2 protein chains.
Amino acid sequence: MTAAFSSYQNPSLAVDLVVFGYDKEALSVLLLNRKEAPFKNQWTLPGAFLQLEERFLETCQRILETKLGLTNIYLEQLYSFDEPDRDPRGRVISVAYFALVNPENYQLTAGKMANDVKWFPLADLPSLGFDHAAIVRKSVERLRAKILYHPVGFELLDQDFTLPELHHLFEAVLDTKLDRRNFRRKILDSHIILPTGQKKTGAQNRHPDLYIFNKAIHPNQFNLSITPNSKA
Amino acid sequence: MTAAFSSYQNPSLAVDLVVFGYDKEALSVLLLNRKEAPFKNQWTLPGAFLQLEERFLETCQRILETKLGLTNIYLEQLYSFDEPDRDPRGRVISVAYFALVNPENYQLTAGKMANDVKWFPLADLPSLGFDHAAIVRKSVERLRAKILYHPVGFELLDQDFTLPELHHLFEAVLDTKLDRRNFRRKILDSHIILPTGQKKTGAQNRHPDLYIFNKAIHPNQFNLSITPNSKA
DNA sequence: TTTTGTTTGCGTCATAATAACGCATACAGT
DNA sequence: ACTGTATGCGTTATTATGACGCAAACAAAA
């Protein structure tokens, strides 16, 4: 069935993805170097046009699989962008999703549509095509707000992780220093993680305890009142 | 220009509005009784198809003006809904916005497209056409979360309002009892409202002080940790 | 073996925030 | 003047928070 019952002309509908990754160092975003116009040879977010019978999440999967070689990823709808001139080809509405990925678990494969796929640390993004800079900005904003009161972010780590690793992740995401000991107390009090009883060996110093994410915690009963260190 | 550059067929794009109102009693939603199929004579959210050169907010304004006779309203994008069968006429994506209105300031006018327009208290909604029940559910969720840490909700009151009025509004929005005195303390400490120096006269009892919303407060420095009363 | 440098885990303490609740004042109506 | 009720202000015990000290654990160096 067509959508021609509407007396209006329909804009095109695209789905764009902000894929966040964390490599034990910085928070990064996955960008794609375009092989075709518009914005040929420029970096943009991975995206695709919505097919008529497709749900947003299916479009997301399609992008992740065919363009990036990723599957089974945390996805969340971010916002829909509607600037009339955001795409030089004409009117395109973009529904943006953001994804959280542990880069170690996946092998990036630049699909045939792209010259290259690469992780860019948030602090070091190239200039982006379309309005994708605004989309990234808004998704960072959302992620930073959300991680404080929702159990999210663990998708960026290994299944088993240490408290110092989680601590460093939070500092990277929030771009701030957090007192190590207060962070530990708040996380443990929240019961959002469970000790595995094992320790992560191999490090030069004291071996930290390993934890896993506690899926039994209800999102609504989770709230960290994380405050940056006052001292630089 | 058409959007035919895309090799895909485009779904229709609609904007639907969840208009919240508060009548000193309960939180209400504005519903529209449809004059035409589908869902003829049933209640739905006000909405319209997006015109090709139109921005979402412009569609919102158009709906508010032509269908409801409202202007200059607080609007915020809620979410985009994509269930393939949400509209029996075919594939229609809906971008939902929610609005906050003080019903006293406006005269409702059911446009020619509708049989009737009416406020429905949240606790007493009729069954809704399309997937509009889900849209309302999500927008209530959003409003309840947002009012706790963002200076929002004052749009539902008169320009000048009393603290007991604000207190009752919060109880209505959150659907819970809040300790009157603790609520007062937190609101005043937040500086989100400013005393006008005047009192609201006419009541049978002690005349409460009047306040106005303090627009100078930056949203990020506003946070109420409001807790329901433990005692019923 | 001992020492060194560093990280991890646990604990302390002063201060701030919070929930629960008491009480006098200001009204209009009686 | 009295009554009933809502408003405004205040108190207190408890909890949460920020800042920070310290010993144990580890690998590598001495």
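Every chain is numbered from 1, with letters handed out A, B, ... down the list of sequences. Not measured: the values here are computed from a predicted model.
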Would you please name every residue forming a side chain to side chain donor-acceptor pair (under 3.5 Å) with A:H207, sequence neighbours left out? none
Within this structure, what is the NZ-to-C1' distance between A:K200 and C:dT8, rounded to whole angstrom? 14 Å
Residues that B:S28 engages under side chain to side chain donor-acceptor pair (under 3.5 Å), provided they are two or more places apart: none
Name all residues meeting the salt bridge (charged side-chain N to carboxylate O under 4.0 Å, His left out) criterion together with B:D158; count only those two or more places apart in sequence or in a different chain, and write none if there are none. B:K24
What is the distance, rounded to the nearest whole Å, between atom CD1 of A:I187 and atom P of C:dT8? 15 Å
Please report the distance, rounded to the nearest Å, between CZ in B:F183 and P in D:dA6. 17 Å
Take atom CG of B:N223 and atom C1' of D:dT17, then tell me their distance rounded to the nearest Å. 14 Å
Salt bridge (charged side-chain N to carboxylate O under 4.0 Å, His left out) filter on B:R180, not counting sequence neighbours, yields none
Which atom pairs link the protein and nucleotides 10-18 of chain C when you take only N or O atoms and keep those under 3.5 Å?
from: C:dT18; atom 1: OP1; to: B:S225; atom 2: OG; distance (Å): 2.5

Run the salt bridge (charged side-chain N to carboxylate O under 4.0 Å, His left out) test against B:E83 and tell me which residues pass, sequence neighbours left out. A:R55
Could you give all pairs that pass the ring pair (Phe, Tyr, Trp, His ring centres under 6.0 Å) test and reach residues 151-172 of chain A, with sequence neighbours left out? A:F154-A:F161, A:F154-A:F213, A:H167-A:F183, A:F170-A:F183
Quick one: A:Q198 CD to C:dT8 C1', roughly how many Å, whole number? 18 Å
Scan nucleotides 25-27 of chain D against the protein and return all N/O pairs shorter than 3.5 Å with their distances rounded to 0.1 Å.
from: D:dA25; atom 1: O4'; to: A:R206; atom 2: NE; distance (Å): 3.4
from: D:dC26; atom 1: O3'; to: A:H207; atom 2: NE2; distance (Å): 3.2
from: D:dC26; atom 1: O2; to: A:Q204; atom 2: O; distance (Å): 3.4
from: D:dA27; atom 1: O4'; to: A:Q204; atom 2: O; distance (Å): 2.4

Under the salt bridge (charged side-chain N to carboxylate O under 4.0 Å, His left out) rule, what pairs show up with a residue in residues 195-217 of chain A, not counting sequence neighbours? A:E165-A:K200, A:K199-A:D209
On DNA chain D, nearest-nucleotide positions of A:D179 versus B:D179: which is more 5'? B:D179
Looking at every heavy atom in both A:L75 and A:A99, which two are closest together, and how far apart are they? CD2-CB, 3.6 Å
